[in-house]
Amino acid sequence: MSKAMGLDRRMMLAAMGGALAAAKAPAPRPPEKPPRLRPGDTVGLIEPAGFTDDLFDLDLVKETVAAMGLKPRPGRHLAQRQGYLAGKDADRAADVNAMFADPEVRAVFAVRGGWGCARILPYLDFATIRANPKLLVGFSDITALHLAFAARAGFPTIHGPNAASSWPRFSWDAFRAIAFDGATPLLVNPVAHEDRLVQRSGRIRTFRGGKAAGRLLGGNLTVLAALVGTPWMPAFDGAILFMEDVGEAPYRIDRMLTQLSLAGLLGKVAGVVFGQCTNCAASDASYGGFTVSEVLQQHLEPLGVPAFQGAAIGHVASQFSLPVGVRAEIDADLGSIRLLEPAVR
């Protein structure tokens with residue numbers, strides 16, 4: 001056997017040995033879940049998107065956090081402004097990075113949404129974030145962070161009220177059960193006490209009945225659609241997709257759902273929950289097009305998976321807290337979401 005043939009054989013055996021070793025090596029462990037919140041914990045306050053221009057509003061935010069039994073720690077760049085953003089992209093990202101690097105901070109609350117979270121994604125230190133799991137809390141534009149964390153950090157976050165939200169009893173109880181108690185509740189819309197023969201608020205509409213289980217992923221539809229095709233989107237295979245929006249005309253909802261469909265995302269999910277579309281009716285009184293519900297039916301019914309509309313998710317005072325990234329089961333006939341695992345340890 002020639003030297004060349006012997007060398008080739010040794011290289012082949014070495015490659016086979018390396019492949020066998022890689023096959024036997026355990027897969028990288030996912031990061032731990034974030035710690036549950038406890039009274040007295042310090043939580044960070046960040047503005048990763050829009051700005052707050054009234055310091056009185058920030059005082060209310062701090063008092064709200066204190067009323068939860070927590071200690072607010074404002075980010076270094078809180079209350080800054082650049083145009084319609086809460087400071088420069090690098091500065092807003094620096095506050096996120098600093099909160100996850102700070103061992104005294106146990107969770108991170110977004111003060112508000114607006115627009116701008118997607119702009120800071122390239123500046124985030126996901127190695128540090130992944131190594132320090134903490135609950136990230138917020139909704140609306142915070143969807144960009146939730147999805148990026150699901151894709152890059154791998155631990156649950158909470159799609160729920162922003163720190164500047166009004167936090168009525170329903171929202172607070174829903175958040176406390178998940179973030180403080182580590183509960184796995186059955187989430188159903190509250191029963192309205194109305195002087196009517198038939199309840200009108202809090203109703204659900206089932207597009208296709210049945211139950212489905214999978215990882216909860218989603219958030220604001222506009223933000224979600226804008227991240228399609230970027231490195232910040234998690235895989236939606238077998239997921240329970242939840243969505244909400246505000247101030248969007250029915251044709252724009254149609255356009256964004258069409259984008260999700262053409263990108264192949266809708267065809268991968270195990271089930272769909274559409275929450276509230278606040279102020280999404282057509283402004284023209286003579287409008288003769290589709291309603292939001294009709295648009296949803298056109299896109300969701302053909303998927304052949306359980307799907308319903310009307311859950312308490314989105315730009316409403318009383319809203320669920322949904323742990324992004326945890327497994328859940330939906331019942332589209334009942335309009336319910338049951339968590340199958342806690343979001344915290």
Side-chain angles (χ1 to χ4, degrees), residues 34 37 43-52 57 61 64-65 68 86 92 96 99 107-121 134-150 153 155-168 170-179 185 187 189-190 216-227 232-234 239-248 253 256 272-280 309-326 328 337 339 343:
L37 288 174
V43 296
L45 297 179
I46 59 171
E47 287 189 312
F51 66 92
T52 301
D57 291 337
V61 167
T64 298
V65 172
M68 298 177 183
R92 302 196 316 282
V96 178
M99 293 301 180
V108 183
F109 284 62
V111 171
R112 54 157 299 173
W115 155 250
C117 287
R119 293 176 54 137
I120 72 172
L121 294 180
K134 304 175 186 183
L135 285 177
L136 170 73
V137 184
F139 81 110
S140 194
D141 195 65
I142 313 306
T143 294
L145 298 184
H146 290 309
L147 294 174
F149 276 46
F155 56 79
T157 57
I158 291 185
H159 180 281
N162 294 320
S165 297
S166 58
W167 289 91
F170 177 87
S171 296
W172 164 238
D173 288 345
F175 174 76
R176 182 177 57 189
I178 293 171
L187 303 174
N189 284 359
L216 278 172
L217 291 173
N220 181 264
L221 172 59
T222 300
V223 177
L224 191 156
L227 287 184
W232 316 107
M233 281 286 274
I240 300 297
L241 170 63
F242 70 92
M243 298 175 286
E244 62 83 27
D245 222 313
V246 59
E248 296 290 351
I253 299 295
M256 291 182 283
V272 182
V273 179
F274 197 96
Q276 303 298 310
C277 202
T278 306
N279 298 327
C280 290
Q309 171 192 8
I313 305 168
H315 289 71
V316 288
S318 295
Q319 61 171 294
F320 298 142
S321 283
L322 289 184
V324 179
V326 307
I337 306 170
L339 301 186

Counterpart residues, side chain to side chain contact (heavy atoms under 4.5 Å, CB included), relative to [X] (two or more places apart):
X: Ser166; value: Pro168, Ala317
X: Ala343; value: Pro156, Ile178, Pro323, Val326
X: Ala179; value: Leu37, Leu135, Ile158, Phe175
X: Asp173; value: Arg169, Arg176

How long is the span from the [atom1] atom in [X] to the [atom2] atom in [Y], to the nearest 0.5 Å?
X: Arg112; Y: Phe139; atom1: CZ; atom2: CZ; result: 10.5 Å
X: Ile313; Y: Phe320; atom1: CD1; atom2: CZ; result: 6.5 Å
X: Ile46; Y: Cys117; atom1: CD1; atom2: SG; result: 7.5 Å
X: Leu136; Y: Ile142; atom1: CG; atom2: CD1; result: 7.0 Å

Using ring centroids (six-membered ring only for Trp), state whether Phe274 and Phe242 fall under 6.0 Å.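 Centroid distance Phe242-Phe274: not below 6.0 Å, so no.
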
Taking only residues two or more places apart in sequence or in another chain, which ones pass side-chain hydrogen bond (donor to acceptor under 3.5 Å, both in side chains) with [X]?
X: Ser140; result: His315
X: Asp141; result: none
X: Glu248; result: Thr222, Arg252
X: Arg92; result: Asp89

Is there a side-chain contact between [X] and [Y] (heavy atoms, below 4.5 Å)?
X: Lys134; Y: Phe155; answer: no
X: Met243; Y: Val273; answer: no
X: Leu187; Y: Leu322; answer: yes
X: Val324; Y: Leu216; answer: no
X: Val108; Y: Val96; answer: no
X: Val272; Y: Ile240; answer: no
X: Glu244; Y: Cys277; answer: no

Gln309 side chain to Gly275 backbone, donor-acceptor under 3.5 Å: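 Such a contact is absent between Gln309 side chain and Gly275 backbone.
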
Flag, side chain of Ser171 to backbone of Gln319, donor-acceptor distance under 3.5 Å: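 The answer is yes, because a donor-acceptor pair under 3.5 Å joins these two groups.
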
Could you tell me which non-hydrogen atom of [X] sits nearest to which non-hydrogen atom of [Y], and how far apart they are?
X: Leu224; Y: Thr143; answer: N-CG2, 4.4 Å
X: Gly160; Y: Ser321; answer: CA-OG, 4.0 Å
X: Met233; Y: Leu227; answer: CG-O, 3.0 Å
X: Gly218; Y: Leu241; answer: CA-CD1, 4.2 Å
X: Ala312; Y: Ser318; answer: CB-O, 3.7 Å

Chi angles and distances behind the side chain to side chain contact (heavy atoms under 4.5 Å, CB included) call for Ile120, Leu145: CA-CA 9 Å; Ile120 72 172; Leu145 298 184; 4.2 Å; yes

Using 30° and 60° as the class limits, which term best fits the ring planes of Trp167 and Trp172: parallel, tilted or perpendicular?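 Judged by the thresholds at 30° and 60°, the geometry between Trp167 and Trp172 is perpendicular.
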
Quick one: side-chain hydrogen bond (donor to acceptor under 3.5 Å, both in side chains) pairs with a partner in residues 155-164, sequence neighbours left out?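 side-chain hydrogen bond (donor to acceptor under 3.5 Å, both in side chains) check on residues 155-164 returns His146-Thr157.
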
Residues Asp245, Gln276; criterion side chain to side chain contact (heavy atoms under 4.5 Å, CB included); working and verdict: CA-CA 7 Å; Asp245 222 313; Gln276 303 298 310; over 6 Å; no

Test side chain to side chain contact (heavy atoms under 4.5 Å, CB included) on Leu147 and Val223; report intermediate values, then the result. CA-CA 10 Å; Leu147 294 174; Val223 177; 5.5 Å; no

Phe51: which residues meet the ring pair (Phe, Tyr, Trp, His ring centres under 6.0 Å) condition with it, sequence neighbours left out?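 Partners of Phe51 under the ring pair (Phe, Tyr, Trp, His ring centres under 6.0 Å) test: none.
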
